[in-house]
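Encoded as structure tokens, the structure appears first; notes follow it.
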Amino acid sequence: MRVRKSAAAPASVRDFASVHASLLDWYDEHRRDLPWRQTSDAYAIWLSEVMCQQTRIETVIPYYLRFLSEFPTVMSLAEAPLDRVLTMWSGLGYYRRARMLHGAAQQVVADHGGRFPEAPGELRKLSGVGQYTAGAIASIAYGVRASVVDGNVVRVLSRLFAIGQDMRGGAGLQQIWAIADSMVPTERPGDWNQALMELGATVCTPQSPQCGICPLQSVCEGRRRGIERDLPRLAPKAKPKRWRRVALVATDERGAVLLARRVRDGLFGGLWEPPSVDADGPEEGMPRLGAMTGLTLKKGRCAHVGSFVHILSHRRIEADVCLVKDVKRSATTQNGAKNSTEYDRFEWVDTAMLSERPMTKFARKVLNAAPIG
DNA sequence: AATCCGGGGCC
DNA sequence: GGCCCAGGATT
């Protein structure tokens with residue numbers, strides 16, 4: 001296999017056989033002992049790949065173990081209530097992944113008799129499975145010769161071949177995919193893909209690549225030219241806007257906490273949280289929170305939690321109400337307007353039952369900080 | 001092609 | 001405070 005000329009493959013990498021041997025040998029000796037590297041179960045590997053999307057490995061491990069313990073088979077996941085799945089996902093972020101994971105499990109049961117297909121084209125039809133994840137499952141679980149391109153692979157290959165194209169654009173990524181495709185060996189394709197990513201994660205790192213211990217240092221064109229730190233070239237991203245998020249933590253006389261469930265689509269879709277609004281200040285958010293929850297809010301004293309907390313008191317119910325203000329990054333919107341939070345239901349929840357609700361990590365933080373329970 | 005989706009670790 | 005992370009869906 002060869003890289004097409006536009007890929008500018010250096011002469012030293014014309015023959016991939018030695019590169020395969022170098023990197024695979026290195027991988028065999030230096031790979032991290034990750035839980036999903038002890039199985040060939042396509043379901044477990046799929047789960048790990050979805051969890052690892054845009055998420056650090058160290059973060060994923062405890063979630064992966066808990067999730068697999070709760071849902072040991074694709075069948076058990078398919079049959080589980082979505083709320084249970086979201087609860088197990090709670091804190092991991094990108095919650096649409098959890099909904100798509102649940103849907104894909106049902107697809108596998110319905111369309112494939114509970115066994116993951118081997119062909120990347122078939123895997124690609126599962127919800128939440130893109131080109132990367134399809135290639136990962138096929139190569140790692142089934143030994144299919146398919147390639148993967150993630151952030152690590154982009155970095156390693158753009159350096160190895162000294163490709164200066166912008167890797168946020170489609171053309172640059174397309175070139176990396178072409179190279180990755182051409183490089184996957186017939187033997188051990190899954191290990192090769194993981195080795196490429198492992199190298200990017202542990203040696204060929206974004207800031208300070210450790211070229212001195214890299215198994216590919218002698219054939220790396222970026223290294224030879226001394227431009228490895230400037231690669232991959234990434235066009236600057238648009239800066240997100242910021243505003244404050246204000247949460248209302250209300251408890252009734254029995255100590256139950258008022259929670260609201262966000263609408264299914266959009267930010268934190270389907271998750272529960274203390275009723276919250278985006279506002280410039282806590283006073284601005286109070287009327288909206290009051291209207292939303294039916295509570296009459298009255299400003300009380302101030303305490304410090306995270307940024308700071310306003311303790312309020314309620315007139316009709318003798319309950320403590322506190323307002324937590326936090327500066328939170330939010331997405332850029334076209335008109336610069338604040339995100340509107342929509343809820344589809346409210347509920348008073350006993351504090352002992354809070355762990356059973358799918359919630360964001362921030363919502364748990366707010367509840368832990370508030371004087372409840 | 002551009003934008004959105006979380007949360008955390010690191011510099 | 002900015003960057004990055006085992007990406008994919010949506011428009």
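When reading the values below, keep in mind they use all heavy atoms of this one structure, side chains included, and skip hydrogens, waters and symmetry mates. Order of the sequence lines sets the chain letters (A, B, ...), proteins ahead of strands, with each chain counted from 1.
- Stacking of R97(A) on the aromatic ring of Y94(A) is not recorded, the 6.0 Å distance cut-off and the 45° axial limit not both being met.
- Look at Q54(A) and you'll find a side-chain N or O under 4.0 angstrom from OP1 or OP2 of dG7(C).
- Residues R264(A) and E342(A) are not paired through a salt bridge, judged by the lack of any N-O separation under 4.0 Å between the basic side chain and the carboxylate.
- A donor-acceptor contact closer than 3.5 angstrom is absent between the side chains of Q207(A) and R229(A).
- Of the P atoms belonging to dT3(B) and dC3(C), the separation is 15 Å, rounded to the nearest Å.
- dG8(B) and dA9(C) have their C1' atoms separated by 23 Å, with the value rounded to a whole Å.
- Expressed to the nearest 0.5 Å, how far CZ of R32(A) lies from CD of E58(A) amounts to 5.5 Å.
- Using a 4.0 Å heavy-atom distance criterion, T59(A) is classed as making no nucleic acid contact.
- Minimum atom distance to the side chain of R56(A) is reached by dC4(C), of the listed dG7(C), dG7(B), dC4(C).
- Among the heavy atoms of the strands lying under 4.0 Å from G91(A) are primed sugar atoms or P, OP1, OP2 only; no base atom is included.
- Rounded to a whole Å, the CE atom of M51(A) is 14 Å from the C1' atom of dG7(B).
- Comparing dC5(C), dC5(B), dG7(B) against the side chain of Y95(A) picks out dG7(B) as the nearest.
- You won't find any donor-acceptor pair under 3.5 Å spanning the side chain of R97(A) and the base of dC5(B), going by distance alone.
- For E187(A) and R145(A), the salt-bridge test fails: no basic side-chain N is under 4.0 Å from an acidic carboxylate O.
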Do any N or O atoms of the protein come closer than 3.5 Å to N or O atoms of nucleotides 8-11 of chain C, and which pairs are they?
from, atom 1, to, atom 2, distance (Å)
dG8(C), OP1, G130(A), N, 2.9
dG8(C), OP1, T133(A), N, 2.9
dG8(C), OP1, T133(A), OG1, 2.5
dG8(C), OP2, Y132(A), N, 3.3
dG8(C), N2, R96(A), NH2, 2.6
dA9(C), OP1, G128(A), N, 2.8

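- Taking CG from L199(A) and CG from N152(A), the interatomic distance works out to 9.0 Å, rounded to the nearest 0.5 Å.
- Rounded to an integer number of Å, the gap from OH of Y27(A) to P of dA6(C) is 14 Å.
- Distance CD1 (I57(A)) to C1' (dC4(C)): 13 Å, rounded to an integer number of Å.
- Residue contacts shown for W36(A) include a base, since a base heavy atom lies under 4.0 Å away.
- Between the side chains of T133(A) and Q53(A), at least one donor-acceptor pair of N or O atoms lies under 3.5 Å.
- Side-chain N/O atoms of K361(A) include one lying less than 4.0 angstrom from OP1 or OP2 on dG8(B).
- Electrostatic pairing of D166(A) and R233(A) does not count as a salt bridge here, judged by no charged N lying under 4.0 Å from a carboxylate O.
- The gap from the P atom of dA6(C) to that of dC11(B) amounts to 15 Å, rounded to the nearest Å.
- Taking CH2 of W177(A) as the start and CD1 of I179(A) as the end, the distance is 13.0 Å to the nearest 0.5 Å.
- Between L271(A) and A171(A), the residue anchored closer to the 5' end of DNA chain B is A171(A), taking for each the nucleotide with the nearest heavy atom.
- Counting non-hydrogen atoms under 4.0 angstrom, R155(A) reaches the backbone sugars and phosphates but no base.
- Between the CG atom of L92(A) and the P atom of dA6(C) there is a distance of 13 Å, rounded to whole Å.
- Per the geometry, CZ belonging to R32(A) stands 13 Å off P belonging to dC5(C), to the nearest Å.
- Residue contacts for T360(A): at a heavy-atom cut-off of 4.0 Å it reaches the sugar-phosphate backbone alone, with no base atom in range.
- Below 30°, between 30° and 60°, or above 60°: for W192(A) and H20(A) the angle between ring planes is above 60°, a perpendicular geometry.
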Distance-only donor-acceptor hits, side chain of residues 158-165 of chain A, under 3.5 Å, sequence neighbours excluded:
from, atom 1, to, atom 2, distance (Å)
S158(A), OG, V154(A), O, 2.8
S158(A), OG, R155(A), O, 3.1
R159(A), NE, E228(A), O, 2.7
R159(A), NE, L231(A), O, 2.9
R159(A), NH1, C204(A), O, 3.3
R159(A), NH1, T205(A), O, 2.9
R159(A), NH2, T205(A), O, 3.3
R159(A), NH2, P206(A), O, 3.0
R159(A), NH2, E228(A), O, 3.4
R159(A), NH2, L231(A), O, 3.1

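- Taking atom CG on D150(A) and atom P on dC5(C), their separation rounds to 8 Å, with Å as the unit.
- Residues from residues 191-217 of chain A placing a heavy atom under 4.0 Å of any atom in DNA chain B do not occur.
- The residue among R168(A) and V149(A) whose nearest nucleotide of DNA chain C is located toward the 5' end is R168(A).
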